[in-house]
Amino acid sequence: MQRLIIHVDLDSFYASLEELRNTEIRGKPVVICVFSGRSAESGAVSTANYKARELGIRAGMPISLAKRLARNKDVVFLPYDIEHYRTVSERIMDLLEDEADALQQVSIDEAYLDVTKRSIGIWENAEKIAENIKNKIRQREGLTCSIGVGSNKLIAKMASKQKKPEGLTVVRNTEVKKFLENLPVSELHGIGDKTTKTLNQLGIRTVNELASFDLHILEEKFGKNKAKLLQNKAQGIDDSPVKHEEIQQISRIGTLKEDTDNLEIVFEKIKELSIDVEKKLRKKKALFRTISIITVDTTLKTQTKSRTTHQTDDLDSALDIARSLLEEFLEENLGKKLRRVGVRVSNLIFKEDQQPLRDLEKYFGKTTKNSS
DNA sequence: CGACGTGTAAC
DNA sequence: CCTTTTACACGTCG
């Protein structure tokens, strides 16, 4: 049967939510900010609504720059309220779950839906489902979204980007070739700055150039796996399934009030961040085996240190390990000051109730190496 | 092979 | 001036 995939992308999600709960700011440029706490205006823009984008304000840019672009204009700057956004996101994901054979949430405001079965592989049916989703999200949450429909996740994702906001774009198999050709490779989902540079050096600028490029040369630059992946992407080929993915790691990172190499100050920050990690760990009913510290120095270079032990859900005792890791780091990097620090748990194990992989495990227990 | 660390990418 | 969170691939080491 023809696989049919829908990609749903909520339009300037955070900003729209703020406009919804504050009638005063509706219709104005709205900028949602992550303040780092270093100085009154330090931090980055998380989301800019379309009015704000007209002024050149973009996600990721420093707040100070956004404020310069906003000078003399009536622009609303708000701190982000992730709790609220998550609450609404969960409601929308629940709604989407009802519309799909399988749902894969990819971020707080994005999801893939496999609708192959319920649309019996018929494009028009999938398009109806997409329209239905748009209506429901508007009626129930007052939000708009952009949707793409395609034969796989890659095409669906790129289709949803085509018309924004409030778009609905269907790219049928017969249209894939036209849809992709002459597109700069950087526009392909999954191809970022580094890969674009390397491709450009090979003289590859467009998607069709990539599709017909000698695979052996790509393999030299990228390795077998990535080379194949790149050429598949260039042809609109993507067999990855829409599947609900179990979370694999939980991390929190934060910015220090000032650059420092003081163990106590940094460790305090890590303790503070770990409260959040612990909360999420409890909510997910997960144990972990690995704890890491994440450091970002004054040059913005990121480094990690981690240690793996027995499984536990006791983050407090793991913090002792985090402290040791931090000590080691500071000893190995004398004179280096830190700007940001974080903590991460990974190698997660879920307690009972989920992961009913039971049959095999019940009979054979936990599979271990049999040293033959 | 598992553990560890880095790089790339997307949001 | 420069936020946050997650995933995944890959190299290296023991």
Side-chain angles (χ1 to χ4, degrees), chain A residues 7 9-10 12-14 31-39 41-47 58-69 79-80 82 85-86 89 104-112 153-154 157-158 160-161 186-199 222-230 233 240 243 245-256 259 273 276-277 280 284 289-309 325 328-329 332 339-348 367-372:
Chain A
H7 180 256
D9 195 342
L10 300 166
S12 39
F13 184 47
Y14 299 171
V31 181
I32 310 301
C33 305
V34 183
F35 292 102
S36 69
R38 290 213 135 188
S39 65
E41 307 219 322
S42 67
V45 171
S46 172
T47 309
R58 296 283 182 278
M61 81 174 28
I63 293 166
S64 53
L65 174 54
K67 293 217 161 165
R68 279 206 289 283
L69 291 168
Y80 88 148
I82 193 70
Y85 311 151
R86 287 218 179 96
S89 170
Q104 179 177 3
Q105 184 176 352
V106 287
S107 73
I108 194 166
D109 64 351
E110 251 183 83
Y112 293 106
K153 290 199 282 184
L154 175 70
K157 165 82 189 178
M158 308 231 327
S160 75
K161 269 206 275 194
S186 57
E187 302 265 308
L188 271 179
H189 183 246
I191 296 188
D193 278 353
K194 303 282 179 173
T195 310
T196 300
K197 261 231 169 75
T198 310
L199 289 173
F222 296 102
K224 242 178 177 333
N225 283 333
K226 189 163 183 192
K228 189 71 208 160
L229 206 72
L230 287 173
K233 275 186 199 294
S240 63
K243 66 166 195 290
E245 297 208 345
E246 203 61 81
I247 186 168
Q248 303 194 27
Q249 56 178 234
I250 301 166
S251 66
R252 284 294 175 274
I253 184 164
T255 304
L256 295 158
D259 300 341
L273 293 162
D276 250 21
V277 173
K280 186 152 183 192
K284 296 284 178 183
R289 291 223 301 131
T290 304
I291 182 148
S292 319
I293 58 155
I294 306 158
T295 58
V296 181
D297 67 23
T298 48
T299 70
L300 295 183
K301 179 183 165 66
T302 302
Q303 284 170 283
T304 62
K305 267 192 172 294
S306 60
R307 190 150 299 160
T308 303
T309 56
L325 291 169
E328 286 169 30
F329 178 88
E332 291 163 11
R339 180 187 175 89
R340 313 178 62 217
V341 283
V343 58
R344 169 168 68 213
V345 295
S346 54
N347 243 313
L348 300 185
T367 326
T368 49
K369 297 287 103 23
N370 56 343
S371 34
S372 46

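Letters go in sequence order (proteins before strands), and every chain restarts at 1. These numbers come from a predicted model, not from an experiment.
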- request: Mark up nucleotides 1-7 of chain C, 5' to 3', with B wherever a protein heavy atom is under 4.0 angstrom from a base atom, S wherever such an atom reaches only the sugar-phosphate, and - elsewhere.
  value: -BBSSBS

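- For the pair R289(A) CZ and dC1(B) C1', the interatomic distance rounds to 13 Å; values are reported in whole Å.
- T304(A) comes within contact range of at least one nucleobase, with a heavy-atom separation under 4.0 Å.
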Distances under 3.5 Å between protein N/O atoms and the N/O atoms of nucleotides 8-11 of chain B, please, pair by pair.
{"from": "dA9(B)", "atom 1": "OP1", "to": "G192(A)", "atom 2": "N", "distance (Å)": "3.2"}
{"from": "dA9(B)", "atom 1": "OP1", "to": "T195(A)", "atom 2": "N", "distance (Å)": "2.9"}
{"from": "dA9(B)", "atom 1": "OP1", "to": "T195(A)", "atom 2": "OG1", "distance (Å)": "2.1"}
{"from": "dA9(B)", "atom 1": "OP2", "to": "D193(A)", "atom 2": "N", "distance (Å)": "3.4"}
{"from": "dA9(B)", "atom 1": "OP2", "to": "K194(A)", "atom 2": "N", "distance (Å)": "2.9"}
{"from": "dA10(B)", "atom 1": "OP1", "to": "G190(A)", "atom 2": "N", "distance (Å)": "2.7"}
{"from": "dA10(B)", "atom 1": "OP1", "to": "I191(A)", "atom 2": "N", "distance (Å)": "3.1"}
{"from": "dA10(B)", "atom 1": "OP1", "to": "I191(A)", "atom 2": "O", "distance (Å)": "3.4"}
{"from": "dC11(B)", "atom 1": "OP1", "to": "K157(A)", "atom 2": "NZ", "distance (Å)": "2.7"}
{"from": "dC11(B)", "atom 1": "O3'", "to": "D109(A)", "atom 2": "OD1", "distance (Å)": "3.2"}
{"from": "dC11(B)", "atom 1": "O3'", "to": "E110(A)", "atom 2": "OE2", "distance (Å)": "3.0"}

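- In this structure, the side chains of V341(A) and F329(A) stay at 4.5 Å or more apart for every pair of heavy atoms.
- For the OP1/OP2 pair of dG5(B) and a distance below 4.0 Å, the side-chain nitrogens and oxygens of K305(A) include at least one atom meeting the criterion.
- For the pair I293(A) CD1 and dA3(B) P, the interatomic distance rounds to 19 Å; values are reported in whole Å.
- The closest side-chain heavy-atom distance from Q104(A) to K153(A) is below 4.5 Å.
- Looking only at side-chain heavy atoms (C-beta outward), E328(A) and R307(A) come within less than 4.5 Å of each other.
- Among residues two or more places apart in sequence or in another chain, the side chain to side chain donor-acceptor pair (under 3.5 Å) test is passed with K157(A) by E110(A).
- Residue R68(A) is classed as having no contact, given no heavy-atom separation below 4.0 Å to the nucleic acid.
- Looking at S42(A) and S36(A), their side chains do bring a donor and an acceptor atom within 3.5 Å of each other.
- A salt bridge is defined here as a Lys NZ or Arg NE, NH1 or NH2 lying under 4.0 Å from an Asp or Glu carboxylate O, and K161(A) with E187(A) fails to meet this definition.
- Side-chain atoms of N347(A) lie closest to dA3(B) of the nucleotides dA3(B), dT6(B), dC4(B).
- Using a 4.5 Å heavy-atom cutoff, the side chains of I253(A) and R344(A) are not in contact.
- OP1 or OP2 of dG5(B) sits under 4.0 Å from a side-chain N or O of S306(A).
- Open room surrounds NZ on K194(A); 12 or fewer heavy atoms of other groups in view lie less than 6.0 Å from it.
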